[in-house]
Number of protein chains: 2
Amino acid sequence: MHSIYKTLRSNSYSVPCELCSISGLCVPRLLNNTLSSVLERKKSYSKEEIIVKAKTPLKKFFIVHSGALKTFVTTPENNEQINGFYLPGDIVGLDAISTKIHNNNIQALSNTLICELDYDELMNMIDTHKDVRDLVLKLLSADIYNYQKLVLCYSQKKSDERLATFIYSLYLRYQQRGHTSLSIKLAMSRAEIANYLGLTIETVSRNLSKMQEQNILTAKGKYIYINNLEALIDLVN
Amino acid sequence: MHSIYKTLRSNSYSVPCELCSISGLCVPRLLNNTLSSVLERKKSYSKEEIIVKAKTPLKKFFIVHSGALKTFVTTPENNEQINGFYLPGDIVGLDAISTKIHNNNIQALSNTLICELDYDELMNMIDTHKDVRDLVLKLLSADIYNYQKLVLCYSQKKSDERLATFIYSLYLRYQQRGHTSLSIKLAMSRAEIANYLGLTIETVSRNLSKMQEQNILTAKGKYIYINNLEALIDLVN
DNA sequence: CGCTCAATTGAGAGTTTTCAATTCTCGTGG
DNA sequence: CCACGAGAATTGAAAACTCTCAATTGAGCG
């Protein structure tokens, strides 16, 4: 148990700029000259801080450099619905293009460094750089694809499979960011996981306990260690 | 009961070109000269016909002129998951931009007329026409927004509320297309509704019966008549 | 060290699914 | 035009799953 702490605490979960989702915008060959005006680098936000309030005009997109964000809407009955968790390299706010208004609140889950991308400048660059055009379309389209997978998860999976899918996808996302370990430090609480998955805190907790009994993983607070990746993938399907 | 049939059968549910989701592409002021090359008009597909198979390369987008489509993926266990229903004026296939491969199967729910929009040509037009750029970004972004609403529905609503949301959103979509009546002709089966909503056929059927007992609506086969719109909206929340 | 909030665990209630039987619809052929 | 049959839809009863409410334990912070 002690070793998990050690391993995980050492993970900072930032991302080298080459792995950033907008790396195509950052690489010198493309943007060397306009970079400074378009991309404001590494603003700092502290845990819980609201970066954007829903219903405010779209001015900028946000790219996570280190830390993590969540986006959520609040329903008329004042319930929160989390729509996504964002890790280093992820771009946030694209869904606001259609209305020019942010539909979601954007909030820091931990102390977070964020790069900001000016909306108008990005639109201009779409017109002048084919690479940028393709990248933006691709990011938008990938977002749709992700929501389709989430819908599939909601629609066809039981609670244990949903949770397994969530943990496995986090594992994959960290892997894509160069963290090859089977350890994951969750940036979000059980309540936030439950909300995102359409379950209750208790169901998430029970399923975590069940997966520990089956020795699929070890969960200790925010730290999760995957003991049996194959079994986890089996649960995912 | 008999009058419902009469009313509903008279609805053809096609859309005038001005209400099409790509009307911004069609209006003469923008595209008069290039229209013919970009937009191939009104190909006919018969009920059940597969328009695009998943995993095939993205060549065209599809715009429904009359009739209706569904998109779906098939899971490894050979289950179908419906990701969307498309009505006249809707554009289908945008989610394939990121991979250049169609993730979804696209299938006609009834005899359907479809306009095709060439992918490469559309990309070219994005570069030359700001209006087209904005429209495409808006459509993609709106798609994301729709999936977020679907996720909210899955995540926080019980079966009766989900079904009410589905019927009400169909009502709204037909209304936006100029059909102001409280009658709806469903293009899809109960099984398809259930699949889309993450429920079973039986649950959908039971909830329809319940809503009839409460005199919220009358359901007769594919025909639904909304008797009490306020009550339906209450259920939606 | 104690306080507060988060997480876990248990028991019972409510919702949805599953399995099974019946009824209804609609297209086809007599 | 009606009867038939196959698939779709409805209904019922029991099982499975998740939620709610409540109590307990655990973790993080001043």
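Here is how names work: the chains are called A, B, and so on, in the same order as the sequence lines, proteins then strands, and each is numbered from 1.
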In this structure, how many angstroms lie between the C1' atom of dT15(C) and the CG atom of Leu163(B), rounded? 15 Å

State which residue, out of Glu80(A), Gln81(A), Glu77(A), fulfils the side-chain hydrogen bond (donor to acceptor under 3.5 Å, both in side chains) condition with Gln156(B). Gln81(A)

Could you check how far CD1 of Ile224(A) sits from C1' of dA7(C), rounded to whole Å? 13 Å

Whole-Å distance separating the CG atom of Leu109(A) from the C1' atom of dA6(C): 16 Å

Under 3.5 Å, which protein N or O atoms sit close to an N or O of nucleotides 21-24 of chain C? Give each pair with its distance.
none

Report the residues that fulfil side-chain contact (heavy atoms from CB on, under 4.5 Å) with Lys59(B), sequence neighbours left out, ordered by chain and then residue number. Pro57(B)

Residues in side-chain contact (heavy atoms from CB on, under 4.5 Å) contact with Gln212(B), at least two apart in sequence or another chain: Leu217(B), Thr218(B), Ala219(B)

Can you tell if the side chain of Met188(B) reaches within under 4.5 Å of the side chain of Tyr196(B), non-hydrogen atoms only? no

With sequence neighbours left out, the residues meeting side-chain contact (heavy atoms from CB on, under 4.5 Å) with Ser46(B) are Glu49(B), Asn111(B)

Nearest to the side chain of Arg206(A), heavy atoms from C-beta on, is which of dT10(D), dT18(C), dG10(C)? dG10(C)

Rounded to the Å, how far apart are Glu48(B) CD and dG7(D) C1'? 12 Å

Any donor-acceptor N/O pair under 3.5 Å between dT9(C) base and Arg190(A) side chain: no

Considering every strand and a 4.0 Å limit on heavy-atom distances, what is the contact class for Ser205(A): base, sugar-phosphate, or nothing? base

Quick one: Lys185(B) NZ to dT25(C) P, roughly how many Å, whole number? 15 Å

Met211(B) CE to dT10(D) P, straight-line distance once rounded to whole Å: 11 Å

Quick one: does Thr75(A)'s side chain get under 4.5 Å of Asn237(B)'s, heavy atoms only? no

Rounding to a whole Å, what distance do you find between Gln212(B):CD and dT10(D):C1'? 11 Å

Crowded around Tyr145(A) OH? As in, over 12 foreign heavy atoms under 6.0 Å? no

Of all of residues 191-203 of chain B, which get a heavy atom below 4.0 angstrom from DNA chain D, listed by number? Ala191(B), Ile201(B), Glu202(B)

Residues of residues 152-162 of chain B with a heavy atom under 4.0 Å from any atom of DNA chain D, listed by number, are none

Just so I know, are the side chains of Asn228(A) and Asp234(A) near enough to count as touching, which here means a heavy-atom distance under 4.5 Å? no

Without decimals, in angstroms, what is the distance between Leu208(A) CG and dT9(C) P? 10 Å

May I ask you to decide if Val236(B)'s main-chain N or O and Lys157(B)'s side chain share a donor-acceptor pair within less than 3.5 Å? yes

Would you say Leu208(B) and Ile167(B) make side-chain contact, with heavy atoms under 4.5 Å? yes

Run the side-chain contact (heavy atoms from CB on, under 4.5 Å) test on Phe61(B) and Ile97(B) for me, step by step, so that the C-alpha distance in whole Å, both residues' side-chain angles and the decisive distance to 0.1 Å come before the verdict. CA-CA 10 Å; Phe61(B) 302 111; Ile97(B) 290 178; 3.8 Å; yes

